[in-house]
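Worth knowing before you read on, the calculation uses all heavy atoms, side chains too, and leaves out hydrogens, waters and symmetry mates. Naming: A, B, ... by sequence-line order, numbering from 1 per chain.
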Amino acid sequence: NAGVIQTPRHKVTGKGQEATLWCEPISGHSAVFWYRQTIVQGLEFLTYFRNQAPIDDSGMPKERFSAQMPNQSHSTLKIQSTQPQDSAVYLCASSWTGDSYEQYFGPGTRLTVL
Amino acid sequence: GDSVTQTEGQVALSEEDFLTIHCNYSASGYPALFWYVQYPGEGPQFLFRASRDKEKGSSRGFEATYNKEATSFHLQKASVQESDSAVYYCALTDTNAYKVIFGKGTHLHVLP
């Protein structure tokens with residue numbers, strides 16, 4: 001079992017450019033989560049999918065962030081018109097059902113917006 | 001809203017010292033409580049969980065007991081090793097049962 005896979009591991013974009021981050025959850029896990037990690041804010045919940053359906057996106061900045069899960073083997077987080085304050089490590093996690101079960105995290109994608 | 005407070009931002013110990021990292025929570029319901037550990041360049045790793053009052057979770061020599069009255073879930077280890085150096089996060093699931101709320105983390109440095 002390879003664990004949760006995230007690509008790319010590092011991404012550098014210029015201000016105003018688009019960034020797409022990819023996540024492959026553990027096979028068999030029905031729940032997928034996205035988090036953002038910064039020194040100042042720590043780990044922040046962004047969004048949650050269960051059986052590919054979006055359940056909760058309450059942590060997503062509304063205007064430029066979007067997430068999709070087109071099939072059970074991958075999810076994407078897209079940030080349009082990136083800003084320097086979007087610089088962070090974006091973590092994807094998966095779990096068996098989502099309800100009070102432990103989450104398995106990927107290594108994260110470090111996004112740097114210049 | 002629900003929250004988790006970790007008192008110590010940094011802890012420095014020598015090998016074989018006793019470790020306590022304090023965690024207190026505030027929640028409207030009856031949350032599940034977790035400890036995660038994060039090593040440099042990696043995502044957080046699940047350490048253990050507890051779901052009800054007085055339940056003890058444990059793994060790799062670490063343990064914590066769910067204390068509903070004190071709203072606490074303090075992490076302890078009897079004898080730390082240099083390899084335990086990492087950031088430790090206390091967390092809970094909120095009333096939705098899927099959203100995990102993390103504390104700010106405690107950076108443990110163990111000196112050889």
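In this structure, the side chain of B:Lys104 engages the main chain of A:Gln41 through a donor-acceptor pair within 3.5 Å.
In this structure, CD on A:Glu102 lies 7.0 Å from CZ on B:Phe34, to the nearest 0.5 angstrom. B:Lys99 contributes atom NZ, which lies 9.5 Å from atom OG1 of A:Thr47 (distance to the nearest 0.5 angstrom).
The number of heavy atoms from other shown groups lying within 6.0 Å of CD (B:Gln10) is above 12. The local environment of CD1 in A:Ile39 is sparse, with at most 12 non-hydrogen atoms from other residues, nucleotides or ligands closer than 6.0 Å. Enclosure of atom NZ in A:Lys62 by more than 12 non-hydrogen atoms of other residues, nucleotides or ligands within 6.0 angstrom is indicated. In the displayed structure, A:Arg110 atom CZ is contacted under 6.0 Å by at most 12 heavy atoms of other residues, nucleotides or ligands. Surrounding CD of B:Glu55 are more than 12 heavy atoms belonging to other residues, nucleotides or ligands, all under 6.0 Å away.
Contacts of B:Gln45 with chain A are absent, with no heavy-atom separation under 4.5 Å from either backbone or side chain. Looking at B:Tyr89, only its side chain comes within 4.5 Å of chain A, counting heavy atoms on both sides. Interface remark: A:Glu44 contributes no atoms to any contact with chain B (heavy atom separation under 4.5 Å).
By the rule that hydrophobic residues join a cluster once side-chain heavy atoms approach within less than 4.5 Å of another member, B:Val80 and B:Val37 end up as members of one cluster. Each of A:Val12 and A:Tyr90 belongs to its own hydrophobic cluster when Ile, Leu, Val, Met, Phe, Trp and Tyr are linked at side-chain heavy-atom distances under 4.5 angstrom. A:Met60 and A:Ile79 end up in the same hydrophobic cluster when Ile, Leu, Val, Met, Phe, Trp and Tyr side chains are linked at under 4.5 Å. A:Trp22 and A:Phe65 sit in two unconnected hydrophobic clusters of ILVMFWY residues. Membership requires side-chain heavy atoms under 4.5 Å apart, directly or through other members. Linking ILVMFWY residues whenever their side-chain heavy atoms come closer than 4.5 Å, directly or via other members, leaves A:Ile5 and A:Leu21 in distinct clusters.
Between A:Phe105 and B:Tyr36, the ring planes are perpendicular. Angles over 60° get that label, and only those under 30° would be called parallel.
Among A:Ser58, A:Ala93, A:Pro107, A:Gly42, the residue with the largest count of heavy-atom pairs under 4.5 Å with chain B is A:Pro107.
The two residues B:Gly41 and A:Arg9 come nearest to each other via the heavy atoms O-NH2, 3.1 Å. Across B:Gly43 and A:Leu91, no two heavy atoms sit closer than the pair CA-CD2, 3.9 Å.
You'll find the ring centres of A:Phe45 and B:Phe102 outside the 6.0 Å limit.
In this view, B:Ser79 and B:Glu16, B:Gln81 satisfy the side-chain contact (heavy atoms from CB on, under 4.5 Å) rule, not counting sequence neighbours.
The interface of residues 66-77 of chain B with chain A, defined by heavy-atom distances below 4.5 Å, is empty.
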